[in-house]
J.: 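One structure is given below, represented as structure tokens, and several questions about it will come after.
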Amino acid sequence: MYKALLRPLFFAFDPEKIHHFTFSLIKFASKIPGLPGLFRSLYVVDDKRLERDLFGLKFKNPVGLAAGFDKNAVLYNELANFGFGFIEIGTVTPKGQEGNPKKRLFRLKEDKGIINRMGFNNEGLEAAITQLKKNKGKLIIGGNIGKNTATKPEDYTKDYLECFNALHPYVDYFVLNVSCPNVGSHAKLNDKDYLEELIGAVKKANNTFEIQKPIVLKIAPDLNDGQLDEIIELVKSTKLDGVIASNTSIDRSGLKASKEMLETIGNGGLSGQPIKEKSTGVIKYLSEKSNNAFPIIGVGGIHSADDAIEKLEAGAHLVQIYTGFIYEGPSLIRRINKAILKTKE
């Protein structure tokens, strides 16, 4: 139904406008008596064999929604009815910000991809907390945090700490987003010395709470082997809880989209099927080179159950979808969970 009826309709409109419309539609539908239960019956796979114990948390299943979809934590309760095992909200910054000028979200239909340069548009920390206070406890919530675009380099860590301390009571794990290509001063956020400083500061803040929350790092898919070796060493030296591999890519090679179209679109992070192999390669390298020393959440180009199984076999412990959710619809979550169960038969 989604691919035959809804997707052609949605894809006829501007991607960012239809994103907001879809939110309103899901909100409205979820208030109609009986519909949330219908959604659960269609999409939720409830089986103990899908449960995952990771970071000291129990995930109902290993399929999550990546950050960027529910930036302001306004829809996670409703999205839980589609069968996700966890949802990551954000990226949240201390202050609300508009992000980059529109138009900033583009579909590559032939490639089953998306290019975005949203620029951490979100309503800010306080707005996210207001929404998170409505958490009905249906599933695990991750908090993806970043810095404001206008923040000076010497205050980057302060931004992350402000988000971390304020969100700590309301999320189950944290993601340090340092790899988004759509924010300013990208280079410093990927400097190994700065990452050590940032992770150290956040871990120190974590220790001031009675219950510590897991902290993971989201990395780019464009890192070379030497940079990935640095990530492995960084995780080891800082005792970071894990890694999300991967964020969007700045690579445009191998796309079916025309050169003219790509030039018209301009800068932005590429997601979806075009980065599937690259993301899986990063997961495999990190897993094998580290001897499976830390948990990896695999994301990037998952548009089918086979794509998800491939990520898990490469070394991912959990997977996340985003672009695949937009192209394939909510049935993708059920198909992935059903396929995982088949591997256990």
Side-chain angles (χ1 to χ4, degrees), residues 1-12 15 18-19 22 26 39 42-45 50 61-70 79 82-88 105-116 118 218 220-222 244-257 261-262 265 268-284 296-343:
M1 177 184 169
Y2 175 81
K3 290 172 73 173
L5 297 175
L6 293 178
R7 189 177 76 181
L9 177 64
F10 290 165
F11 278 26
I18 207 66
H19 181 80
T22 304
I26 294 172
F39 291 151
L42 288 172
Y43 304 120
V44 174
V45 182
L50 289 170
N61 68 64
V63 185
L65 180 65
F69 193 87
D70 191 8
L79 289 168
F82 291 131
F84 288 108
F86 62 109
I87 288 176
E88 200 169 293
L105 186 63
F106 309 87
R107 301 184 193 98
L108 305 184
K109 295 179 186 177
E110 278 190 281
D111 295 288
K112 289 190 175 180
I114 288 174
I115 290 176
N116 91 84
M118 304 300 288
K218 189 163 188 175
D222 303 319
I244 296 183
S246 60
N247 214 320
T248 57
S249 173
I250 58 172
D251 186 10
R252 297 287 185 271
S253 58
L255 291 173
K256 294 175 185 175
M261 180 183 181
L262 294 174
I265 290 172
L270 173 67
S271 64
Q273 280 204 330
I275 71 165
K276 183 182 79 167
E277 300 302 328
K278 183 175 285 197
S279 167
T280 304
V282 169
I283 293 165
K284 188 175 178 64
I296 300 170
I297 300 176
V299 55
I302 298 176
H303 285 241
S304 70
D306 286 344
D307 293 339
I309 297 296
E310 187 179 71
K311 290 276 194 289
L312 295 168
E313 290 178 346
H317 298 75
L318 306 170
V319 294
Q320 290 178 324
I321 60 173
Y322 182 114
T323 305
F325 185 50
I326 293 168
Y327 273 87
E328 306 300 324
S331 65
L332 176 60
I333 307 148
R334 182 181 179 87
R335 296 202 305 271
I336 293 171
N337 280 320
K338 285 286 189 182
I340 292 170
L341 287 175
K342 278 192 175 181
T343 67

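This chain uses plain numbering: 1 for the first residue, then up along the sequence. Both backbone and side-chain heavy atoms feed into the values below; hydrogens, waters and symmetry mates do not.
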J.: Given the rule in the side-chain contact (heavy atoms from CB on, under 4.5 Å) test, do Phe86 and Leu318 qualify, once you have shown the distances and angles that lead to the verdict?
T.: CA-CA 10 Å; Phe86 62 109; Leu318 306 170; 4.0 Å; yes
J.: Once you round to the nearest 0.5 Å, how far does NZ of Lys276 lie from NE2 of His303?
T.: 9.0 Å
J.: What verdict does the side-chain contact (heavy atoms from CB on, under 4.5 Å) test give for Leu332 and Ile321, after you've listed the backbone C-alpha separation in whole Å, the side-chain angles of each residue and the deciding distance to 0.1 Å?
T.: CA-CA 9 Å; Leu332 176 60; Ile321 60 173; 3.9 Å; yes
J.: Could you check whether any side-chain N or O of Asn61 sits under 3.5 Å from a backbone N or O of Leu50, counting only pairs where one atom can act as donor and the other as acceptor?
T.: no
J.: May I ask you to decide if Ile326's main-chain N or O and Tyr2's side chain share a donor-acceptor pair within less than 3.5 Å?
T.: yes
J.: Is Arg107 positioned over the aromatic face of Phe11, cation under 6.0 angstrom from the ring centre and no more than 45 degrees off axis?
T.: yes
J.: Quick one: does Thr22's side chain have a donor or acceptor within less than 3.5 Å of a partner on Ile18's backbone?
T.: yes
J.: State whether the side chain of Asn337 and the backbone N or O of Val63 hold a donor-acceptor pair below 3.5 Å, judged by distance alone.
T.: no
J.: Indicate yes or no: does Lys284 engage Glu313 in a salt bridge with an N to O separation below 4.0 Å.
T.: no
J.: Is a side-chain donor or acceptor of Arg334 paired with a backbone partner of Gly83 at a separation under 3.5 angstrom?
T.: no
J.: Hey, are Thr248 and Ser271 close enough side-chain-wise for a donor-acceptor pair under 3.5 Å?
T.: no
J.: Mind checking the OG1-CD spacing from Thr280 to Glu310? Nearest 0.5 Å is all I need.
T.: 4.5 Å
J.: Of all residues at least two apart in sequence or in a different chain, which pass the ring-ring contact (aromatic ring centres under 6.0 Å, His included) check with Phe39?
T.: Phe82
J.: Is it the case that over 12 heavy atoms from other parts of the model lie below 6.0 angstrom from the CD1 atom of Ile250?
T.: no
J.: So how far is it from Asp70 CG to Leu79 CG, rounded to the nearest 0.5 Å?
T.: 6.0 Å
J.: Got a second to check how far Leu65's CG is from Ile333's CD1, nearest 0.5 Å?
T.: 7.5 Å
J.: For the residue pair Asp111 and Leu270, establish whether any side-chain heavy-atom pair is separated by less than 4.5 Å.
T.: no
J.: Just wondering, do Tyr43 and Ser331 contact through their side chains at under 4.5 Å, heavy atoms?
T.: yes
J.: Under 4.5 Å between any side-chain heavy atoms of Lys112 and Thr323, yes or no?
T.: no
J.: Supply the atom-to-atom distance Met261 CE to Leu255 CG, rounded to the nearest 0.5 angstrom.
T.: 9.5 Å
J.: Please work out which of the three classes, parallel, tilted or perpendicular, describes the rings of Phe325 and Phe69, given edges at 30° and 60°.
T.: perpendicular
J.: Specify the closest pair of heavy atoms between Tyr322 and Gly68, including all atoms of both residues, with the distance to one decimal.
T.: CE1-C, 3.3 Å
J.: Could you pull out the closest heavy-atom pair between Ile336 and Ala308, with the gap in Å?
T.: CG2-CB, 3.5 Å
J.: Is it true that a side-chain atom of Lys311 and a backbone atom of Ser279 form a donor plus acceptor pair closer than 3.5 Å?
T.: no
J.: Calculate, to the nearest 0.5 Å, the distance between atoms OG and NZ belonging to Ser246 and Lys218 respectively.
T.: 8.0 Å
J.: Where do Ser249 and Asp251 land on the side-chain hydrogen bond (donor to acceptor under 3.5 Å, both in side chains) test, with the steps shown first?
T.: CA-CA 5 Å; Ser249 173; Asp251 186 10; 5.0 Å; no
J.: Using modelled atom types and a 3.5 Å cut-off, is there a donor and acceptor pairing between side-chain atoms of Asp307 and backbone atoms of Ser304?
T.: yes
J.: Might you work through the side-chain contact (heavy atoms from CB on, under 4.5 Å) test for Ile340 and Ile309, ending with a clear yes or no?
T.: CA-CA 7 Å; Ile340 292 170; Ile309 297 296; 3.8 Å; yes
J.: After noting the C-alpha distance and the side-chain angles of Gln320 and Ile297, does the key distance pass the side-chain contact (heavy atoms from CB on, under 4.5 Å) rule?
T.: CA-CA 7 Å; Gln320 290 178 324; Ile297 300 176; 3.7 Å; yes
J.: Do Ile114 and Leu108 have side chains that get closer than 4.5 Å, going by heavy atoms?
T.: no
